[in-house]
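To keep things clear, I will list the structure first and then write my remarks on it.
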Amino acid sequence: MTPVQVHQGDGPLILAFPHVGTDLPPEVAAKLNTEGRLLRDTDWHIQHLYAGLIPGLTTVTATQSRYVIDLNRDPSGASLYPGQTTTGLIPDTTFDNVPIWEQLPTAPDVAQWLGEVHRPYHAALAAEIDRVRTRHGVAVLYDCHSIRSEIPWLFPATLPELNIGTNGGTTCAAALEHAVAQIAAASGHSWVLNGRFKGGWTTRHYGRPETGVHAIQMELSQISHLMAEAPPFALDPDRSTHLRKTLTEILATLADLAPRLARA
């Protein structure tokens, strides 16, 4: 099992894809129920949405499903959003609070997948951050996510199409946050800054602007790029073409700003 795939680029941006994986170790697949095997909460197709948008991108891509272990959760199991509904390090349910297991994971399961999936993914991501920062004096981590637009168990009403997370402005320079928000506001897409999704463990763990590492999470509402937010979760060519224009502008702007941060 290879839990992570890395493509090294020569630019200052790193794209992380922790939830695009659909692989399941046989022992995990055997314990999932019919709902679980749908992998409903996968970040469908976003690695393809971002592919080739600008030159020089480094990408760190998970291969295993988030139902094996969630790579955007604190390895200690601490909640990202205390007091709010959310799923855990190994989810018990879908985002609709529907059970996904015939046999619930045990403490040894958590320990196994922390060691075989979670730690290797983050070791690879940390190594790329160090490599890029050494080369450029700065590294910009852009954590790529998507989610269905209507999930009452997690949030009321309909989620905006672009959900920018910087943990209240603490994980990146204000210039980066402002630039992404400006592009979102002019894009024609609905958007929010630090709304329901303020940035998961990846953004909060690595985003240390004072050390030259800036992190932003982008949570895309799947209605912005899928034909339907249900199986087979097919990509919509027209919607995704429109969205890719906005994402290209965002990434190009971040790449342009990064050297200025290194000189600051």
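- Residues Lys198 and Asn194 share a closest heavy-atom pair of O-OD1, 3.7 Å.
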Next item on the list: Evaluate the side-chain contact (heavy atoms from CB on, under 4.5 Å) criterion for residues Val4 and Gln64: first the C-alpha distance (whole Å), next the side-chain angles of each, then the deciding distance (0.1 Å), finally the verdict.
Entry: CA-CA 8 Å; Val4 59; Gln64 302 300 302; over 6 Å; no
Next item on the list: Report the C-alpha separation of Leu13 and Thr58 in whole Å, then their side-chain angles, then the decisive distance to 0.1 Å, and conclude whether the side-chain contact (heavy atoms from CB on, under 4.5 Å) test is met.
Entry: CA-CA 6 Å; Leu13 266 62; Thr58 291; over 6 Å; no
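- With rounding to the nearest 0.5 angstrom, the CD1 atom of Ile90 is 8.0 Å from the OG1 atom of Thr106.
- Proximity of Arg148 to Asp96: side-chain heavy atoms (C-beta onward) are separated by under 4.5 Å at one or more points.
- Minimum heavy-atom separation, Val180 to Leu254: CG2-CD2, 3.8 Å.
- Minimum heavy-atom separation, Ala179 to Thr253: CB-CG2, 3.9 Å.
- Interatomic distance, OG1 of Thr166 versus CD of Glu177, reported as 3.5 Å (0.5 Å rounding).
- Side chain of Arg208 to main chain of Val213: no donor-acceptor pair is present (N/O by atom type, distance under 3.5 Å, no hydrogens or angles).
- Using a 4.5 Å cut-off on side-chain heavy atoms (C-beta onward), Val68 and Val28 make contact.
- Here the CD-CD distance, from Glu27 to Gln103, works out to 12.0 Å after rounding to the nearest 0.5 Å.
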Margin query: Could you go through Leu114 and Ile69, starting from their C-alpha distance and side-chain angles, then the distance that decides it, and tell me whether this counts as side-chain contact (heavy atoms from CB on, under 4.5 Å)?
Written below: CA-CA 7 Å; Leu114 274 172; Ile69 195 162; 3.8 Å; yes
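- Side-chain atoms of Thr61 and Gln47 include no donor-acceptor pair closer than 3.5 Å.
- One N or O on the side chain of Asn163 and one on the backbone of Glu219 form a donor-acceptor pair closer than 3.5 Å.
- Remark: the backbone N or O of Asp41 is paired with a side-chain donor or acceptor of Arg66 at under 3.5 angstrom.
- Inter-residue side-chain proximity for Trp201 and Leu71 is flagged as unmet; no heavy-atom pair is nearer than 4.5 Å.
- Residues His225 and His45 place their aromatic rings such that the two centres sit no closer than 6.0 Å.
- Not a single side chain to side chain donor-acceptor pair (under 3.5 Å) links Ser65 to another residue, sequence neighbours left out.
- In this structure, the side chains of Arg260 and Asp256 come closer than 4.5 Å at one or more pairs of heavy atoms.
- Contact check for Val6 versus Thr59: no side-chain heavy atoms found under the 4.5 Å cut-off.
- Using modelled atom types and a 3.5 Å distance limit, the side chains of Gln222 and Ser149 yield no donor-acceptor pair.
- Note on ring orientation: taking the six-membered ring where Trp is involved, the planes of Phe197 and Tyr81 are perpendicular (angle over 60°, cut-offs 30° and 60°).
- In this structure, the side chains of Leu162 and Ser190 stay at 4.5 Å or more apart for every pair of heavy atoms.
- Between the side chains of Glu150 and Thr158, at least one donor-acceptor pair of N or O atoms lies under 3.5 Å.
- Ring geometry for His189 against His242 counts as tilted: the plane angle lies between 30° and 60°, on a 0 to 90° scale.
- With Arg133 contributing its side chain and Thr211 its backbone, the two residues share a donor-acceptor pair below 3.5 Å.
- Checked by atom type and distance alone, the side chain of Ser76 pairs as donor or acceptor with a backbone atom of Ala78 at under 3.5 Å.
- Closest approach of Val20 to Ala62, counting heavy atoms only: CG2-O, 3.7 Å.
- In this structure, the side chain of Ser187 does not engage the main chain of Thr246 through any donor-acceptor pair within 3.5 Å.
- Distance check, rounded to the nearest 0.5 Å: CZ of Phe17 to CD1 of Ile46 gives 6.0 Å.
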Check: Under the side-chain contact (heavy atoms from CB on, under 4.5 Å) criterion, do Ile54 and Thr248 qualify, and how do the steps go?
Finding: CA-CA 7 Å; Ile54 66 170; Thr248 297; 4.3 Å; yes
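- Although no hydrogens or angles enter the test, the distance criterion places no donor-acceptor pair under 3.5 Å between the side chain of Asp143 and the main chain of Ala215.
- For Arg73 (side chain) and Thr87 (main-chain N/O), a donor-acceptor pair under 3.5 Å exists by modelled atom type.
- In this structure a side-chain-to-backbone donor-acceptor pair under 3.5 Å is missing from Gln5 to Thr63.
- Side-chain contact between Ile147 and Leu154 is present, with at least one heavy-atom pair separated by less than 4.5 Å.
- In the model, Asn72 has a side-chain atom that pairs as donor or acceptor with a side-chain atom of Thr202 under 3.5 Å.
- Outside the 6.0 Å centre-distance limit, the rings of His19 and Trp44 are not counted as a close aromatic pair.
- Panel note: side chain Trp113, backbone Tyr67; no donor-acceptor pair is recorded below 3.5 Å.
- For the pair Tyr206 and Thr171, the minimum side-chain heavy-atom distance is 4.5 Å or more.
- Here the CG-CG distance, from Leu15 to Leu57, works out to 4.5 Å after rounding to the nearest 0.5 Å.
- Rounding to the nearest 0.5 Å gives a distance of 9.0 Å between CD of Glu229 and OG of Ser146.
- Between Trp191 and Ala185, the shortest heavy-atom contact is NE1-CA, 3.3 Å.
- Nearest heavy-atom pair across Leu176 and His214 is CD1-CB, 3.6 Å.
- Remark: the Thr170 side chain and the Arg204 side chain contain no N/O donor-acceptor pair separated by less than 3.5 Å.
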